[in-house]
Amino acid sequence: MIKKCLFPAAGYGTRFLPVTKAMPKEMLPILTKPLIQYGVEEAMEAGCSIMSIITGRGKRAITDHFDISYELEHQIKGSSKENLLEEIRQIIKKCTFTYTRQNEMKGLGDAIYQGNALVGDSDPFAVVLADDLCVNPKGDGILKQMVELYNKYKCCIVAIMEVPKDEVYKYGVIEGNILENDVFMVSNMVEKPEIDKAPSNLAVIGRYILTPDIFKMIEDTKPGKNGEIQITDALCEQAKKSMVIAYKFKGKRFDCGSVDGFVEATNYFYNLEK
Ligand code: UTP
């Protein structure tokens, strides 16, 4: 069983400046709910109950969001607004939140490495990048689909989607052989390749299942693209030494780390609620 989910949330979110100057990107709302709450709900649906968040300077709002606000509770008690807090109350009741800080923003690989202190060395864990908002209106959430696949293959899994060839430079891109419908055995991974050097148009998005041996792989990973420790590079080594699966998930992903994707997600959820 995968009980722990890691949320790297220490990045600067520079594409959303100036709003991210004093506010975490993960707290940007899609309608009335912050991005990270959507991620936590997806992790709960997949069976996780320990949410481990990698924070950094200026991210206090995340910690406060997943805690009781007694003053507010007192203020709205008995009013019609009380039910607006119901969902978050349930999350706080059912989950345990743990935190650590990434002191220097040395990349996603390093952020995940800092999470070792929270998730330990004995069990596999999930990773959710909250700025990738994923939905599957027709069935199980993306992380739940991945946990089921983990139960079969017992190795690291990355979620992938097909992207237009001219957008591969924004992603980690995989090369692999089909194992079964929508499931690939990874043979190579490249972070943000040039368009004509990309091994495919299968791009990694912000959902992973990792086994704890990944921490040793990250330790041995040198800074890569943009001078950052890339999880793609660590996973590529893992794929060569043992096995990594890439899974073409069922559902839809919004890139809420970009303004376009954020607006698209907002419209999607607004139309759903109308
Ligand atoms: P991004 O590169 O999308 O996030 O990292 P960013 O750096 O915050 O955004 P921009 O590009 O400046 O606008 C993907 C995820 O990895 C986390 C981010 O918080 C985000 O969830 N991350 C990235 C870290 O936690 N630490 C890092 O050093 C880098």
Side-chain angles (χ1 to χ4, degrees), residues 5-30 34-40 42-43 51-63 65-66 97-119 125-134 142-143 158-161 163 167-173 189 191-193 203-208 210 214-215 218-219 221-235 253-265:
C5 185
L6 205 60
F7 294 81
Y12 291 122
T14 52
R15 282 168 288 172
F16 272 93
L17 283 170
V19 69
T20 44
K21 193 167 164 246
M23 181 181 132
K25 170 170 76 170
E26 297 73 16
M27 288 301 292
L28 287 173
I30 299 294
L35 282 171
I36 194 159
Q37 188 175 329
Y38 287 92
V40 166
E42 188 186 328
M51 307 297 167
S52 301
I53 304 181
I54 312 298
T55 66
R57 287 175 291 282
K59 302 275 184 174
R60 281 249 328 254
I62 299 177
T63 326
H65 185 70
F66 294 110
F97 288 85
T98 63
Y99 299 89
T100 191
R101 277 196 183 210
Q102 185 188 21
N103 301 122
E104 289 175 80
M105 306 327 157
K106 290 196 283 193
L108 178 58
D110 179 66
I112 291 175
Y113 187 72
Q114 301 305 322
N116 192 183
L118 302 177
V119 299
F125 57 96
V127 178
V128 166
L129 305 187
D131 49 358
D132 269 346
L133 179 48
C134 293
I142 280 71
L143 209 56
V158 298
I160 50 166
M161 62 185 264
V163 298
E167 286 183 21
V168 286
Y169 69 92
K170 298 180 189 166
Y171 297 90
V173 174
M189 284 174 95
E191 183 63 24
K192 300 191 174 68
V204 178
I205 62 125
R207 298 290 181 277
Y208 308 77
L210 300 177
I214 197 67
F215 294 121
I218 300 175
E219 243 169 49
T221 300
K222 305 223 156 38
K225 202 90 189 182
N226 304 331
E228 295 183 338
I229 309 278
Q230 300 289 352
I231 190 64
T232 308
D233 296 341
L235 280 166
R253 165 258 187 189
F254 298 98
D255 174 15
C256 292
S258 76
V259 175
D260 285 350
F262 183 81
V263 172
E264 202 192 322

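Ligands are counted one by one from 1 in listed order, and the atoms in each one are counted from 1 as well.
In terms of protein heavy atoms, atom 28 (O) of ligand 1 is closest to Gly107 N, 2.8 Å. When hydrogens are left out, the protein atom nearest atom 3 (O) of ligand 1 is Arg15 NH2, 3.2 Å; that is the closest non-hydrogen contact. In terms of protein heavy-atom proximity, atom 17 (C) of ligand 1 is closest to Pro8 O, 3.8 Å. Of the protein's non-hydrogen atoms, Ala10 N, 2.9 Å is the one closest to atom 25 (O) of ligand 1. Distance from atom 19 (O) of ligand 1 to its nearest protein heavy atom, with residue and atom name: Gly11 N, 2.9 Å. Among protein heavy atoms, the minimum distance from atom 8 (O) of ligand 1 is reached at Gly13 N, 2.8 Å. Here the protein heavy atom with the shortest distance to atom 14 (C) of ligand 1 is Leu129 CD1, 4.1 Å. Annotation: atom 9 (O) of ligand 1 to nearest protein heavy atom, Lys25 NZ, 3.2 Å.
Distances from atom 5 (O) of ligand 1 to the protein include no heavy-atom value under 4.0 Å.
The shortest distance between side-chain heavy atoms of Ile53 and Ile62 falls below 4.5 Å. Residues Phe66 and Val40 have side chains in contact (heavy-atom distance under 4.5 Å, counting atoms from C-beta outward). Using a 4.5 Å heavy-atom cutoff, the side chains of Phe16 and Asp131 are not in contact. Residues Arg101 and Arg57 have side chains in contact (heavy-atom distance under 4.5 Å, counting atoms from C-beta outward). No side-chain heavy atom of Ile231 sits under 4.5 Å from any side-chain heavy atom of Pro8. Tyr99 has its side chain within reach of Thr63: a pair of non-hydrogen atoms, C-beta onward, lies under 4.5 Å apart. A 4.5 Å side-chain heavy-atom check between Phe254 and Ile30 finds every atom pair outside the cut-off. The closest side-chain heavy-atom distance from Ile54 to Thr100 is below 4.5 Å.
For ligand 1, the atoms closer than 4.0 angstrom to any heavy atom of Ala111 are 24 (C), 25 (O), 26 (N). Close approach to Leu108 involves these atoms of ligand 1, each under 4.0 Å from a residue heavy atom: 16 (O), 29 (C). Per-residue contacts place Tyr12 under 4.0 angstrom from the following atoms of ligand 1 (heavy atoms of the residue considered): 8 (O). Remark: ligand 1 atoms within the under-4.0 Å shell around heavy atoms of Met105 are 28 (O). Residue contact check: Glu26 has heavy atoms under 4.0 Å from atoms 19 (O), 21 (O) of ligand 1. If you number the atoms of ligand 1 from 1 as listed, the ones under 4.0 Å from a heavy atom of Gln102 come out as 24 (C), 25 (O), 26 (N), 27 (C), 28 (O).
Only the backbone of Lys106 comes within 4.0 Å of ligand 1, judged by heavy-atom distances.
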Chi angles and distances behind the side-chain contact (heavy atoms from CB on, under 4.5 Å) call for Met189, Val158: CA-CA 11 Å; Met189 284 174 95; Val158 298; 4.2 Å; yes
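Residue-to-ligand polar distances keep Gly257 apart from ligand 1: every N/O pair is separated by 3.5 Å or more. No N or O atom of Ile54 sits closer than 3.5 Å to an N or O atom of ligand 1.
Contact analysis puts Asp131 in contact with ligand 1, with a non-hydrogen atom separation below 4.0 angstrom.
Taking CG from Leu28 and CZ from Phe262, the interatomic distance works out to 5.0 Å, rounded to the nearest 0.5 Å. Atom-to-atom distance recorded for Ile218:CD1 and Asp110:CG is 8.5 Å, nearest 0.5 angstrom.
Taking the six-membered ring where the residue is Trp, Phe125 and Phe215 present parallel rings, their angle staying beneath 30° rather than reaching 60°.
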